[in-house]
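To keep things clear, I will list the structure first and then write my remarks on it.
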Amino acid sequence: MKYVIFFLITTACIFVSAQNISSRSAGDGGNISDIRLKRLQSSENEIVTSIPHEATEVQKAEAFAKIARLYRYETNTTAVAKKSSYAQKALQCQNLPLLIRCDMHLLFSEALNRQSKQLPSAVKELTERQLISYLEGLALTLDHLKVTDRVSLRGIDRFDSPPGSPLRAKLEKRYAEQVAYAEYAREQNELLTYRDSFLQSFFVLCDPSAFERYDFNKKLLEMGYSEEKARAVCEVLRSAAQKNVESKRIWTAAPHNISPDPTNSVLLKPNDVPCFSEQDWESRGLAYEQKIRTLLAEARTNDNYKVMDQNHQLFRQMNILNVKEYIESDFPKYLQAHPDRILALRLDILQFLYEMRDWSYDVKNPPLYKITPPLTPDRNWFPGTPPEEIPDPAVRERYVKELALKDKIEKKHLREHTLQDKYESHLRFIHMVLKSKKEDAARKGKQEALKTFEELLKKQITNTALLDIIYGRPKSTQATTNAVSTPQSM
């Protein structure tokens, strides 16, 4: 009885709490989005009131940027207007820090995009302003971008040299260089991200296949850029447009819904993507298969286990599942009618991974090899000491050999671990297909499909040990036992 009374009291308390929350929401406007907007406005007021009277132009611009970021993910009309207004105010300061300025261009463009959806009558004007903002942001990133690929961040050594050490000045200099390089790498990587964001958003508005028909060089000159700068920005846009077109295979004339008037600066994305004839898909499909098998053959010859990572975009196309992705990608559409071809490719890759793997190496228990710099009579060297700082030639030579051995061990583990991961992934897929074929044969009587798949296995897999692993047969050697230890448990 006491449990029933406790349950009733708890239910009543929950009901009363819900009523109180509902009444408070109604008092605050009755809408969760309104409550959130009021909280954001409160934060905005706090930032505005915290700006000192003697604040510099940069400090005020940074405060405006902070407020614009408050409304970054808001879609309410009022919030979007505030985001646009504060981002525009921040951009008026020419001395605003570089990354903040790039972010404000992106925020301002996003706000204009949202406003164009809320105000259909002003779509043309807002879209044109949006394109101009993307061009300004892209030009800004290109002014300061010095790399073409992402920069790897290096580790920063521990600075633990005693004050009286003769190496202290050298270590201080190296530490400062490492910190400066880390800041440089982070800035360049963020600029690359902003550049890609500007290009991607730009070609949502501007159809890449019609890029050459619009004089963006003239537009950039009207915006006040020099001829050299305008040419550089257009070259980047042209290169990105060509890559976009090639990736989507838009090899036709300009779509009918794009105005042929070159003075029209508002460009819209086409609604339809042209399809290709079956003969075209067939020839491209055969070329794709030949390219994959050629890469695998070259990798076998050169002992290149990184071939799949080096050609990631090419190999990942085998993961395509639906019709829309077939049309919008480079993967041959004819595989819909010949599904065994993708299985044959996967089997070729699986056998390649199995043959490249050293099955005597246990990736779960790799050998540990730690190196401590050798002791010398004058001092103890801390871990990570460069060999050139050890004065004794004999000790330095021994230390260099140990470092080389450690590097060899690490490379071996990386190789085998990478191959094992990819091998297990492909083996898991083949196991899944085989299980599905067996279940279909048992429940639906599709014996012919199972027989066809088994014939494909025997044709593609020439390695008997790997064929035994796929079928789950007893292993006769330690190597094959090690090979299937993880996948077979699925």
Side-chain angles (χ1 to χ4, degrees), residues 36-37 39-41 43-48 50-51 55-118 126-151 153 180 182-206 220 223-225 229 232-233 236-237 240:
R36 177 176 174 80
L37 184 60
R39 289 175 180 170
L40 290 173
Q41 289 172 342
S43 300
E44 174 191 341
N45 293 332
E46 289 178 6
I47 296 173
V48 171
S50 66
I51 302 175
T56 62
E57 184 183 359
V58 175
Q59 290 174 330
K60 292 179 181 178
E62 288 178 344
F64 294 148
K66 189 175 181 181
I67 296 173
R69 285 169 170 171
L70 281 177
Y71 296 101
R72 179 184 292 274
Y73 302 109
E74 303 304 315
T75 57
N76 181 283
T77 305
T78 304
V80 171
K82 285 180 176 288
K83 176 167 63 174
S84 172
S85 173
Y86 279 110
Q88 199 168 13
K89 287 180 181 178
L91 287 171
Q92 290 174 0
C93 175
Q94 298 299 323
N95 297 322
L96 191 66
L98 173 62
L99 296 179
I100 298 179
R101 192 168 183 81
C102 291
D103 196 32
M104 289 303 102
H105 276 295
L106 204 57
L107 270 177
F108 181 58
S109 303
E110 290 171 356
L112 291 174
N113 181 42
R114 177 61 59 177
Q115 287 177 332
S116 66
K117 296 176 181 178
Q118 296 169 348
L126 292 172
T127 307
E128 184 171 2
R129 290 175 62 193
Q130 193 178 347
L131 279 170
I132 292 173
S133 183
Y134 285 141
L135 288 172
E136 290 175 344
L138 180 60
L140 180 64
T141 57
L142 294 178
D143 276 339
H144 298 85
L145 196 59
K146 300 176 182 178
V147 297
T148 55
D149 296 314
R150 296 188 69 83
V151 183
L153 293 175
E183 293 176 355
Y184 164 80
R186 290 191 187 96
E187 180 183 88
Q188 292 298 309
N189 288 340
E190 288 195 44
L191 284 174
L192 279 173
T193 302
Y194 280 121
R195 182 201 66 181
D196 294 343
S197 298
F198 287 130
L199 288 173
Q200 182 179 6
S201 302
F202 184 86
F203 286 116
V204 169
L205 298 175
C206 168
L220 287 163
M223 291 163 59
Y225 292 103
K229 183 63 181 178
V233 173
V236 172
L237 287 171

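Under a 3.5 Å cut-off, the side chain of Asn45 and the backbone N or O of Gln41 do form a donor-acceptor pair. Within the 3.5 Å criterion, the main-chain N or O of Thr193 finds a donor-acceptor partner in the side chain of Ser197. Side chain of Thr141 to backbone of Leu138: a donor-acceptor contact under 3.5 angstrom is found.
In this structure, Lys83 NZ and Gln115 CD are separated by 9.0 Å, a value rounded to the nearest 0.5 Å. Considering OG1 of Thr77 and NZ of Lys117, their distance stands at 13.0 Å, rounded to 0.5 Å. In this structure, Tyr225 OH and Leu135 CG are separated by 8.0 Å, a value rounded to the nearest 0.5 Å. Between atom CD1 of residue Ile47 and atom CD of residue Glu62 there is a gap of 12.0 Å, rounded to the nearest 0.5 Å. Between atom CZ of residue Arg195 and atom CG of residue Leu192 there is a gap of 5.0 Å, rounded to the nearest 0.5 Å. To the nearest 0.5 angstrom, Ile132 atom CD1 is 10.5 Å from Ser109 atom OG.
More than 12 heavy atoms of other shown residues, nucleotides or ligands fall within 6.0 angstrom of atom NZ in Lys229. Within a 6.0 Å radius of CD in Gln200, other residues, nucleotides and ligands contribute 12 heavy atoms or fewer.
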Under the side chain to side chain donor-acceptor pair (under 3.5 Å) criterion, do Glu190 and Tyr194 qualify, and how do the steps go?
CA-CA 6 Å; Glu190 288 195 44; Tyr194 280 121; 4.8 Å; no
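For the pair Arg72 and Asp103, the salt-bridge criterion is met [side-chain N within less than 4.0 Å of a carboxylate O].
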